[in-house]
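The structure appears right after this line, and notes come after that.
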Amino acid sequence: MHHFDAVVVGAGAAGLFCAGIAGQRGLKVLLLDHADKVAEKIRISGGGRCNFTNRDTTPAQFLSANPAFCKSALARYTPADFIALLQRHGVAFHEKHRGQLFCDESSEQVIRMLLAECASGGVAHWQPCAVTAVRHGTAGFEVDTARGPVHTPRLVVATGGLPVPKIGATDWGLRLARQFGHGVVEPRPALVPLSFDPAAWAPFAALAGLSLEVAIETGEGRQRGRFVEDLLFTHRGLSGPAVLQISSFWQPGSPLRLALADTALTERLRQAKLTSRRQLGNELALHLPERLASTWLGLQDLPAQRPMPEIRDKDLARLGDSLAHWQVLPTGTEGWRKAEVMAGGVDTRELDSQTLASRRVPGLRFIGEVVDVTGWLGGYNFQWAWASAAACARAL
Ligand SMILES: Cc1cc2nc3c(=O)[nH]c(=O)nc-3n(C[C@H](O)[C@H](O)[C@H](O)COP(=O)(O)OP(=O)(O)OC[C@H]3O[C@@H](n4cnc5c(N)ncnc54)[C@H](O)[C@@H]3O)c2cc1C
């Protein structure tokens with residue numbers, strides 16, 4: 001039987017980071033992962049450049065059944081802390097959009113940095129190595145692995161979420177949580193394209209490839225989500241950052257409400273009617289992408305070639321209203337294959353927010369995406385992985 005002070009299952013973002021810190025604090029740590037390659041999600045993230053944090057991270061960018069849970073860990077390990085670590089390792093980065101930080105070269109640099117941190121903490125790294133069973137008794141945990149049984153007083157579950165099963169995602173962490181009596185908030189794909197009924201979508205298919213900034217919202221009251229982001233029309237529906245963001249808030253059966261133009265458009269068109277003899281299509285194209293203007297007039301059955309003075313006020317109002325208050329009903333999401341993150345996960349109400357420790361089973365911890373804390377698009381999910389890992393490792 002091997003003995004370790006701590007065993008971390010899952011060598012992804014949270015597991016690597018936690019193992020490195022714990023090892024450097026003097027613990028004898030084993031890091032295990034069943035996949036062939038280490039940290040595949042870091043590798044593919046951010047288009048290969050890893051959007052590793054967001055400078056403007058606050059608890060407001062996270063969803064959870066227990067929204068206050070993430071505050072403590074996020075406050076004690078900030079984006080500035082991770083930036084300082086990257087700088088110590090000489091990893092160059094840049095800000096792309098709204099506080100989102102990416103590696104200049106490659107996400108491999110983040111993986112190499114985390115592996116170097118583990119090496120300097122003397123972490124034992126068994127990969128690929130499956131875990132077949134976990135038992136808990138008065139002396140701690142017995143973990144059956146493909147390389148033999150391991151004993152440890154501290155078990156850290158860092159097995160991530162369900163997205164992209166083909167690179168190693170499993171529900172192992174959720175099953176283990178249930179095995180030890182923990183509740184699980186029903187997992188669902190988030191940061192995921194939404195799908196539409198093909199027949200209902202057919203009239204909009206002509207817009208495929210068009211991208212524009214919109215306001216998008218769904219839900220009501222505390223469940224309401226609202227973003228101003230870029231929307232992408234596709235042959236099958238809608239995608240782009242606006243839809244990925246809103247997908248985390250979307251509930252089946254709820255419509256999306258989109259403003260493709262602002263509410264002042266009707267008034268601007270009324271003013272133009274008094275001063276210009278432009279055709280309606282040309283006038284609208286001053287306010288919207290040309291392809292959207294012409295397609296939309298067709299959909300609204302309005303005469304693109306008629307001069308502005310001949311367009312009735314009520315038609316201008318109908319046109320402005322249809323663009324400022326467009327409502328569409330998704331039929332579902334594109335599922336775990338396309339999702340970037342899992343919403344839901346191990347219920348935080350039975351975890352300590354300072355240490356990520358289980359309140360039910362002494363020595364058991366859950367960190368990273370397996371926990372019911374889900375960030376918006378933009379580097380927030382990695383920041384949660386770093387922050388929850390640091391909070392856990394410092395208390396091991
Ligand atoms: C395509 C894509 C792009 C993304 N881009 C970004 C981005 O740019 N910025 C951002 O903030 N977030 C991004 N994310 C989300 C981010 O990758 C995750 O939130 C983050 O990796 C979670 O870290 P984690 O350590 O909890 O889980 P993971 O990094 O997923 O690591 C979990 C590890 O556990 C292992 N594991 C699973 N089951 C078992 C088992 N039964 N036994 C042993 N090991 C197991 C897996 O092999 C994996 O190595 C992206 C996700 C995807 C899918």
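Each ligand, and each atom within it, is numbered from 1 in the order the structure gives.
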Query raised in the report: Is any N or O atom of Val164, backbone or side chain, closer than 3.5 Å to an N or O atom of ligand 1?
Result: no
Query raised in the report: So, are Glu220 and Arg257 salt-bridged, with charged N and O less than 4.0 Å apart?
Result: yes
Report summary line: Restricting to heavy atoms, the pick from Gly12, Ala169, Gly379 nearest atom 31 (O) of ligand 1 would be Gly12
Report summary line: Closest to atom 5 (N) of ligand 1 among protein heavy atoms sits Ser45 CB, 3.3 Å
Report task. Out of Phe382, Trp376, Tyr380, indicate the one that has the non-hydrogen atom closest to atom 12 (N) of ligand 1. Result -> Phe382
Requested in this report: Establish, from distance only, whether the side-chain atoms of Asp81 and Thr78 form a donor-acceptor pair under 3.5 Å.
Outcome: yes
Report task. State if Ile44 counts as touching ligand 1 under the rule of any non-hydrogen atom under 4.0 Å. Result -> yes
Query raised in the report: Do you see a donor-acceptor pair shorter than 3.5 Å between the side chains of Thr58 and Gln61?
Result: yes
Query - Nearest heavy atoms of His182 and Ser358, plus distance in Å - result: NE2-OG, 2.7 Å
Report summary line: In terms of its nearest heavy atom to atom 27 (O) of ligand 1, the top option of Gly160, Cys50, Ala130 is Gly160
Report summary line: Taking only non-hydrogen atoms of Glu369 and a 4.0 Å limit, the atoms of ligand 1 in range are 18 (C), 19 (O), 20 (C), 22 (C), 26 (O)
Report summary line: In this structure, atom 51 (C) of ligand 1 is nearest to the protein heavy atom Glu340 O, 3.0 Å
Requested in this report: In plain terms, say whether Arg178 and Asp171 are close enough for a salt bridge, that is, a side-chain N and a carboxylate O under 4.0 Å apart.
Outcome: no
Query raised in the report: Quick one: nearest non-hydrogen protein atom to atom 24 (P) of ligand 1, plus distance?
Result: Ala14 N, 4.0 Å
Report summary line: So the atoms of ligand 1 within less than 4.0 Å of a heavy atom of Asn381 turn out to be 11 (O), 12 (N), 19 (O)
**Report entry** Nearest-option assignment for atom 37 (C) of ligand 1, heavy atoms, candidates Ala11, Ala146, Gly10, Gly168
**Finding:** Gly168
Report task. Give the residue and atom name of whichever protein heavy atom lies nearest to atom 38 (N) of ligand 1, and the separation in Å to one decimal. Result -> Thr170 OG1, 2.6 Å
Requested in this report: Using a strict cut-off of 4.0 Å, indicate which atoms of ligand 1 neighbour a heavy atom of Gly46.
Outcome: 5 (N), 8 (O)
Query - Proximal ligand 1 atoms for Gly368, defined as those under 4.0 Å from one of its heavy atoms - result: 26 (O)
Query - Pair Asp372 + Arg349: basic N to acidic O under 4.0 Å - result: no
**Report entry** CZ (Arg277) with more than 12 external heavy atoms under 6.0 Å
**Finding:** no
Query raised in the report: Do Asp321 and Arg318 meet the salt-bridge criterion of a basic N to acidic O distance under 4.0 Å?
Result: no
Query raised in the report: Are any of the heavy atoms in Ala158 under 4.0 Å away from ligand 1?
Result: yes
Query raised in the report: Nearest protein heavy atom to atom 41 (N) of ligand 1, by residue and atom, and its distance?
Result: Trp172 CB, 3.2 Å
Query raised in the report: With sequence neighbours excluded, what pairs up with Ala39 under the side-chain contact (heavy atoms from CB on, under 4.5 Å) test?
Result: Leu16, Ile42, Ile111
Query raised in the report: Of the backbone atoms (N, CA, C, O) and the side-chain heavy atoms from C-beta on, which set of Val9 has a member under 4.0 Å from an atom of ligand 1: side chain, backbone, both, or neither?
Result: side chain
**Report entry** Ligand-side contact atoms (ligand 1) for residue partner Ala35, heavy atom cut-off under 4.0 Å
**Finding:** 47 (O)
Requested in this report: For Asn51, take its heavy atoms, then give the atoms of ligand 1 lying under 4.0 Å from any of them.
Outcome: 7 (C), 8 (O), 9 (N), 10 (C), 11 (O)
Report task. Indicate whether the side chain of His89 and that of Glu117 have a donor and an acceptor atom separated by less than 3.5 Å. Result -> yes
Query raised in the report: Is there a path of hydrophobic side-chain contacts, each under 4.5 Å between heavy atoms of I, L, V, M, F, W or Y residues, that connects Leu244 with Leu232?
Result: no
Query raised in the report: Quick one: CD on Gln100 to OG1 on Thr53, what's the gap to the nearest 0.5 Å?
Result: 10.5 Å
Requested in this report: Start with the C-alpha distance between Phe17 and Trp386, add both sets of side-chain angles, then the distance that settles ring pair (Phe, Tyr, Trp, His ring centres under 6.0 Å), and finish with yes or no.
Outcome: CA-CA 6 Å; Phe17 197 49; Trp386 319 135; 5.7 Å; yes
Query - Pro163 heavy atom under 4.0 Å from ligand 1 - result: no
Requested in this report: Distance to 0.1 Å, residue and atom name: give those for the protein heavy atom nearest to atom 43 (C) of ligand 1.
Outcome: His34 N, 3.3 Å
Requested in this report: Tell me which protein heavy atom sits closest to atom 35 (C) of ligand 1, plus the residue, atom name and distance to 0.1 Å.
Outcome: Asp33 OD2, 3.1 Å
Query raised in the report: In ligand 1, which numbered atoms sit nearer than 4.0 Å to a non-hydrogen atom of Ala13?
Result: 23 (O), 25 (O), 29 (O)
Query - No-hydrogen, no-angle side-chain donor-acceptor test under 3.5 Å, Ser72 and Arg76 - result: yes
Query raised in the report: Any N/O of Ile367 closer than 3.5 Å to an N/O of ligand 1?
Result: no
Report task. List the closest protein heavy-atom neighbour of atom 30 (O) of ligand 1: residue, atom name, distance to the nearest 0.1 Å. Result -> Lys41 CD, 3.6 Å
Report task. Hey, could you give me the CG/CZ distance between Leu260 and Phe233, rounded to the nearest 0.5 Å? Result -> 5.5 Å
